[in-house]
Amino acid sequence: MEVRTRFAPSPTGYLHIGGARTALFNWLFARHHKGKFILRIEDTDVARSTDESTQAILDGMQWLGLDYDEGPYFQSKRFDLYREHAYKLLETGKAYKCYCTAEELEQRRKDALAQGKPPKYDGRCKSQGSGARGQGSNDKSFAIRFKVSPGTTLVKDIIKSNVAFDNNEIDDLIILRSDGTPTYNLCVVVDDATMKITHVIRGDDHLNNTPKQILLYEAFGYPLPIFAHLPMILGSDKTRLSKRHGATSVMAYKEMGYMPHALVNYLARLGWSHGDQEIFTIEELTEKFSLENVGKSSGVFNPEKLLWLNHHYIKESKPYDMAKLLEPFLEAKGYAVGTIHELSLPNVVKTVQERSKTFVEMADAVEFYFKEDVVYEEKAAQKFLTSEVLEIFEIITSKLDNLPDFTQKAIEDIFNSIINEKNIKLGKIAQPVRIALTGGTVSPGIFEVIENLGREKTIERLKKAIVFIKQKGSFST
RNA sequence: GGUCCCAUCGUCUAGAGGCCUAGGACGGAGCCCUCUCAAGGCUUAAACACGGGUUCGAAUCCCGUUGGGACCGCCA
């Protein structure tokens, strides 16, 4: 039988980390079994659902590379189907009309809670046959409640194994609101059944809903899917992950300069494992993923490890590919990529890959190559751009000017000859040159900087530094 | 409050009764390398929540305690 999984977010916000992992596991499971992955938008709450949220979820999934085979289906377009199902239960006596108003219910719940009692529905509309609560109530609006019969309901779960629920603990749930719109539990069951979903993989915050849903499956006579409830992702304080733990939106990670694959790899390893392996390609993930290796306990989202993975992938990837991904970040800083002189972006990227954890960092790290004017860090200039190095700067300038092959090797030779001649350490001249060329004390290796900057710009910046030193000197004397 | 779930280093985890003096990874510490910063290499600190069983033997099985989490809506 073909495996069919689904991701069913409600469009009331962006795609967050937890949702993304649920989507990923569903996707991996379907891909692993060469089945189908379906996207369904659960927008039955008309008041809270927005098109922007739907779009945000679509964007997030696309960025992560989680493509779907069917959908997106919208529950808001299937209301007739849910209504039919609700009325079928009404006709067969498995559900009943409830004339209590939302306000009454809310008041009773509050009272119960205040008295420390379980906030259960008292079942007052249950015993009366449909419409029996006064004939005049026929034109009164009513909701439809599902009748939960006594007994126990067993949830068979791949991850949590068997969980038994006493039906006494389950309220008669409303399946159709008094305004005629269906509610969550009805919709999921109808959809999962009619969409022939074979494996329901979702967060374990739904575990308590599952017996209700099983009862509905049985009432409709639909076959049960296989359930797998994923442990939650928590924040650093071990409470449910939320905004106050930092970025939880998937797209925020894109903006912060993360690679989608790093997030995917991180999320896959949060709750699932394959021995000691940490690094996975997408292919390995789909090949090795299984629900049996998903852990039972909730996990804390660890941004540092995600950062490490991102850094890892930046280091390991081809400079050309990284240059492509870097471009939007450079543009955001005001550098029009198409027009940044003669510098080869991939070559430049190569010099900063191992020192950039994100593309935001990388954009900062390469900025000095493109800046029109080098701005010196004050303390650095103070310390390193001194009259002592004037002569050396002059020598380097002239030697670079006459260098036949402007290669890293040849540049290094120049420096070596100088330190041999002057009997000084490389650090003595590398650091001043670094300030002159980049403005700061931190940069890629000085020879690769010079090579990538090119003869013209290097000499220009050295000359500028010479002028700077001379001016500084004339000031102090 | 009720119901349900969970419990190995700070964090993610390996571990399916003897292979465990508990392994890996992130993060931390130290050393090496070194033109700065990184990267890299090496070393190191750090955990089976607690108490009872079962067993020749338990991180692994059972029970309890404690701790954490989720859910109890005419939200999804």
Side-chain angles (χ1 to χ4, degrees), chain A residues 8-12 42-45 47-49 75 98 100-103 105-106 109 112-113 115-121 141-145 155 157 159-160 163-166 168-171 173-179 181-185 187-188 203-211 229 231-232 234 236 238-240 266 269-279 295-309 311 315 352-357 365 380 384 412 415 419 425-435 438 440-447 449:
Chain A
S10 62
T12 53
E42 309 223 319
D43 56 351
T44 53
D45 185 347
R48 294 202 307 149
S49 301
Q75 290 189 325
C98 177
C100 303
T101 66
E103 293 73 33
L105 258 13
E106 183 55 32
R109 181 174 303 111
L113 241 22
Q115 292 170 49
K117 288 188 201 154
K120 283 199 69 178
Y121 173 63
S141 70
F142 59 86
I144 296 181
R145 270 187 199 274
V155 178
D157 191 282
I159 296 169
K160 309 280 184 184
V163 187
F165 290 86
D166 186 338
N168 278 325
E169 300 295 333
I170 306 171
D171 255 358
L173 55 143
I174 287 175
I175 52 177
L176 203 70
R177 299 183 187 101
S178 49
D179 66 359
T181 59
T183 61
Y184 168 71
N185 285 108
C187 297
V188 219
D204 72 10
D205 48 340
H206 287 286
L207 189 57
N208 289 301
N209 280 324
T210 309
H229 286 95
M232 298 271 86
L234 310 177
S236 49
K238 305 224 180 184
T239 62
R240 203 184 171 135
Y266 177 72
R269 276 289 284 102
L270 218 194
W272 172 83
S273 62
H274 186 262
D276 284 340
Q277 190 171 349
E278 296 286 351
I279 305 294
K296 294 176 167 207
S297 51
S298 46
V300 174
F301 182 76
N302 183 348
E304 309 237 284
K305 187 157 181 181
L306 171 57
L307 192 60
W308 169 75
L309 272 165
H311 190 22
K315 275 185 305 191
V352 296
Q353 269 176 286
E354 64 191 26
R355 44 204 115 211
S356 307
K357 294 193 175 80
F384 293 105
E412 189 169 352
F415 277 70
I419 62 174
K425 288 201 162 188
L426 180 56
K428 273 284 181 198
I429 57 175
Q431 213 45 2
V433 170
R434 173 167 286 115
I435 315 299
T438 72
T441 54
V442 174
S443 87
I446 198 65
F447 310 128
V449 165

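We name chains A, B, ... by the order of the sequence lines, and we start the count at 1 in each one.
Annotation: B/A58 and B/A39 have their C1' atoms spaced 44 Å apart (nearest Å). Using P as the reference atom, B/U3 and B/U8 are 25 Å apart when rounded to the nearest Å. B/C20 and B/C48 are spaced 10 Å apart, taking the C1' atom of each and rounding to whole Å.
Picking from B/G68, B/C26, B/G73 the nucleotide with the shortest atom distance to the side chain of A/Lys238 gives B/G68. Proximity note for A/Trp308 (side chain, C-beta onward) versus B/C6, B/C26, B/A70: the nearest is B/C26.
A/Ser273 comes within 4.0 angstrom of sugar-phosphate atoms only, judged by non-hydrogen atoms across all strands, and of no base. Within the nucleic acid shown, A/Pro9 has no heavy atom closer than 4.0 Å to any nucleic acid atom. Contacts of A/Ile174 with the nucleic acid, taken as non-hydrogen atoms under 4.0 Å apart, include base atoms.
With a 3.5 Å ceiling on both atom-pair distances, B/U36 lacks any Watson-Crick or G-U wobble partner. Pair check for B/A22 finds none; no Watson-Crick or G-U wobble contact set falls under 3.5 Å. Pair assignment for B/A45 gives none, since no Watson-Crick or G-U wobble pairing has each distance under 3.5 Å. B/G17 makes up no base pair with any nucleotide shown, lacking Watson-Crick or G-U wobble contacts both under 3.5 Å. As the counterpart of B/C4, B/G69 is assigned, both hydrogen-bonding distances of the Watson-Crick or G-U wobble pattern falling under 3.5 Å. B/U60: no Watson-Crick or G-U partner with both key distances under 3.5 Å is found in any strand.
Remark: A/Tyr184 pairs with A/His206 by the side chain to side chain donor-acceptor pair (under 3.5 Å) rule, at least two apart or across chains.
Taking side-chain N and O atoms only, A/Arg177 has a distance below 4.0 Å to OP1 or OP2 of B/A76. A sub-4.0 Å separation between OP1 or OP2 of B/G73 and a side-chain N or O of A/Arg109 is present. For B/C12, the OP1/OP2 oxygens have no side-chain nitrogen or oxygen of A/Lys305 closer than 4.0 Å.
A donor-acceptor contact under 3.5 angstrom links the side chains of A/Arg434 and A/Ser443, judged on distance only.
Comparing A/Phe301 and A/Glu304, the nucleotide of RNA chain B nearest to each residue sits closer to the 5' end for A/Phe301.
Proximity of a side-chain donor or acceptor of A/Thr181 to a complementary backbone N or O of A/Arg177 within less than 3.5 Å is not detected. In this structure, the side chain of A/Asp204 does not engage the main chain of A/His229 through any donor-acceptor pair within 3.5 Å. A/Thr438 contributes no side-chain N or O that, together with a main-chain N or O of A/Ile435, makes up a donor-acceptor pair within less than 3.5 Å.
Side-chain to base pairing of A/Ser178 with B/C74: one donor and one acceptor N or O lie within less than 3.5 Å of each other. No hydrogens or angles were tested; on distance alone, a donor-acceptor pair under 3.5 Å links the side chain of A/Glu278 to the base of B/G24. At a cut-off of 3.5 angstrom, counting only N and O atoms as typed in the model, there is no donor on one side facing an acceptor on the other between the side-chain of A/Asp43 and the base of B/A76.
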What is the per-nucleotide protein-contact pattern of nucleotides 39-44 of chain B, from the 5' end, where B denotes a base atom under 4.0 Å from a protein heavy atom, S denotes such proximity for sugar-phosphate atoms only, and - denotes neither? SS----
Verdict with supporting geometry, A/Lys357 and A/Trp308, side-chain contact (heavy atoms from CB on, under 4.5 Å): CA-CA 7 Å; A/Lys357 294 193 175 80; A/Trp308 169 75; over 6 Å; no
